[in-house]
There are 2 protein chains.
Amino acid sequence: MDETHDALTRKLQAFKGLGPEDLAMLRELQKPRSLIEAGKEVVYEGQYPHAAYILREGWACAYKRLRDGSRQIIDIQIPGDFLGLRSLLLRASDHSFLTITDVEVARLDRQRMLEVFRRTPRLAVGLMWAASRDEAMVVEHLVSIGRRDAFERTAHFLLELGERLKLVGIGDGSTYPCPISQSILADALGMTAIHINRVLRQLREAKIVVFRDGVVEFQDIKRAADVTGFEMAYLDQGPAT
Amino acid sequence: MDETHDALTRKLQAFKGLGPEDLAMLRELQKPRSLIEAGKEVVYEGQYPHAAYILREGWACAYKRLRDGSRQIIDIQIPGDFLGLRSLLLRASDHSFLTITDVEVARLDRQRMLEVFRRTPRLAVGLMWAASRDEAMVVEHLVSIGRRDAFERTAHFLLELGERLKLVGIGDGSTYPCPISQSILADALGMTAIHINRVLRQLREAKIVVFRDGVVEFQDIKRAADVTGFEMAYLDQGPAT
DNA sequence: CGGAATTTTGACAGGCTTCAAACGCGGTGG
DNA sequence: CCACCGCGTTTGAAGCCTGTCAAAATTCCG
């Protein structure tokens, strides 16, 4: 019944119901939309103030590049996610963005954000919840890179992505479209593209998950969750763990 | 002249000046204080709502434990930092805390937080700035673990810690007290205690930094920053990079 | 159809972990 | 006062996971 809702609205509803004014403001926030084509690097440096964006359609990622040219992807953004929310408050933005597919975004500047806090505090809490959840994902990502080996880490990542997508109505958690290349996956998981390829083969041969032709398909999602120790509590979105 | 200020106040002043009501509220927030001894594990799980804490004195860390018993430390907290701010909004808290030294904390519940937003919006923005900065540190931490080798990662961590401590009046950025054990350091940096020990020896022999007897002392801080590619912009605290 | 980007595979090297054990130091009890 | 113990630090040796180098196979796209 809420097929008419956009991704962000769906996501926020999963947290707490919104009133009519909240929904109106949310529509308003996503009003001036713009399109960016796939593969565009949005370098995001220099001085404050920056704007943030709501990603309405398409996939993107936030990354940091190191001096030696290597790249670490901080997180992957899917419809309903924010881009650069942190930079609304920090004086120096510290990372850049890359559009993975063609995307549609809505600009969100400081001014409008403050307006949300003044006029629709319930929505404001919802947005802060979403930001907290994003942070929890970065934290889990950190744990993965620090303490899980490549095999576990990859499966964990694909499981998380499936749940996130399900929340905004894409896929069912066990099969979903996934337009990211192996080299992006590698930079997200802190390994090389060559090794990610080997790991994906292992996952395939272990009959856990197949990632091929832009589609992720779990064959044994239970065992996947078990092997990687995936607990979805930190996503704060589903039936309790 | 602000020697009379506590760590959090010092930190927030570095962001933006606070008015008299802000300062009063900030004092008020830190009012009911309590002490926790060193080495105490504050397991932080189960259901919402949780409270957050302001760390007034001492050191602590936030960590997650994996099923196999290994531990990943998310971040180290020093005076003026928050503990568990994220859990004010998420329904399931996802990590625990460990006190590294004896600490003094002040409880911060949802109620009082909302009061800050209502009554002293300028202070609220300051607190959100601090939260954003904490998140930026987690992100940099992620980049370190993902893309820097053990040597760079360790030096980078010690540089960051020095700058953070300097901001709250502890040490001068190049020499500072540091009560953390090598095994905690290892779990923070995603490696083993054994390897951290070897890396610290390398850093010592390279005449970059000595960490011994609870004191970190850089011998060549310029080269340290150069070797690790340390840019302090993300800390958003000092003269521009 | 041709060139570029991505995926895939193999061989080898190296950084880090694992396993083992010695060392130093502060605290405790005999 | 000293033996004993626990904890953190230090060092050594061996092995594995992952990176590096190289190149072929495949797909994408103009």
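Because only heavy atoms are used, hydrogens play no part in the values below, and waters and symmetry mates are left out as well, while side chains stay in. Every chain is numbered from 1 and lettered A, B, ... according to where its sequence line falls, protein lines coming before strand lines.
Mapping Arg147(A) and Ser181(A) onto DNA chain C by nearest heavy atom places Ser181(A) closer to the 5' end of the strand. DNA chain D is contacted by both Ala193(B) and Arg198(B); Ala193(B) maps to the nucleotide lying nearer its 5′ end (nearest heavy atom per residue).
Here Phe97(B) pairs with Tyr44(B), His95(B) under the ring-ring contact (aromatic ring centres under 6.0 Å, His included) rule; sequence neighbours left out. Considering only residues two or more places apart in sequence or on other chains, Glu104(B) meets the salt bridge (charged side-chain N to carboxylate O under 4.0 Å, His left out) condition with Arg56(B).
Axis angle between the ends of the helix from dC1(C)-dG30(D) to dG30(C)-dC1(D), five pairs each and rounded to 10 degrees, works out to 40°.
Looking at residues 149-162 of chain A, you'll see that no heavy atom sits under 4.0 Å from any atom of DNA chain C.
Using a 4.0 Å heavy-atom criterion, one finds that Gly39(A) contacts no nucleic acid atom at all. Backbone-only contact: Gly190(B) has heavy atoms under 4.0 Å from sugar-phosphate atoms and none from a base.
Heavy-atom contacts of chain A under 4.0 Å fall on DNA chain C between two terminal nucleotides, which in 5' to 3' order are dT7(C) to dA11(C).
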Which is it for Arg71(A) and Ser96(A) under the side chain to side chain contact (heavy atoms under 4.5 Å, CB included) test, yes or no, and what are the steps along the way?
CA-CA 11 Å; Arg71(A) 176 178 67 172; Ser96(A) 303; over 6 Å; no
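No more than 12 heavy atoms of other residues, nucleotides or ligands lie within 6.0 Å of CZ in Arg212(B), so this atom counts as exposed by the packing criterion. Glu163(B) CD: more than 12 foreign heavy atoms inside a 6.0 Å radius.
Between the side chains of Gln237(B) and Arg133(B), at least one donor-acceptor pair of N or O atoms lies under 3.5 Å. Tyr53(B) and Gln77(B) share no side-chain donor-acceptor pair at under 3.5 Å. Side-chain polar atoms of Gln30(B) and Asp6(B) form a donor-acceptor pair below 3.5 angstrom. Looking only at atom types and distance, the side chain of Tyr176(B) has no donor-acceptor partner in the side chain of Glu217(B) under 3.5 Å away.
Side chains of Leu108(A) and Phe82(A) form a contact here, defined as non-hydrogen atoms less than 4.5 Å apart.
Between Asn197(B) and the phosphate of dT9(D), there is no side-chain N or O to OP1/OP2 separation shorter than 4.0 Å.
Using the six-membered ring where Trp is involved, His141(A) and Phe157(A) have ring planes that are tilted, between 30° and 60° apart.
When the P atom of dT10(D) is taken as reference, atom CG of Leu185(B) falls 12 Å away, rounded to whole Å.
In this structure, Lys207(B) forms no cation-pi arrangement with Phe218(B), as its terminal cationic atom is not both closer than 6.0 Å to the ring centre and no more than 45° off the ring axis.
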5' to 3', nucleotides 22-30 of chain D under a 4.0 Å protein heavy-atom cut-off (B base, S sugar-phosphate only, - none) gives B--------
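Minimum heavy-atom separation, Trp59(A) to Cys178(A): CH2-CA, 4.0 Å.
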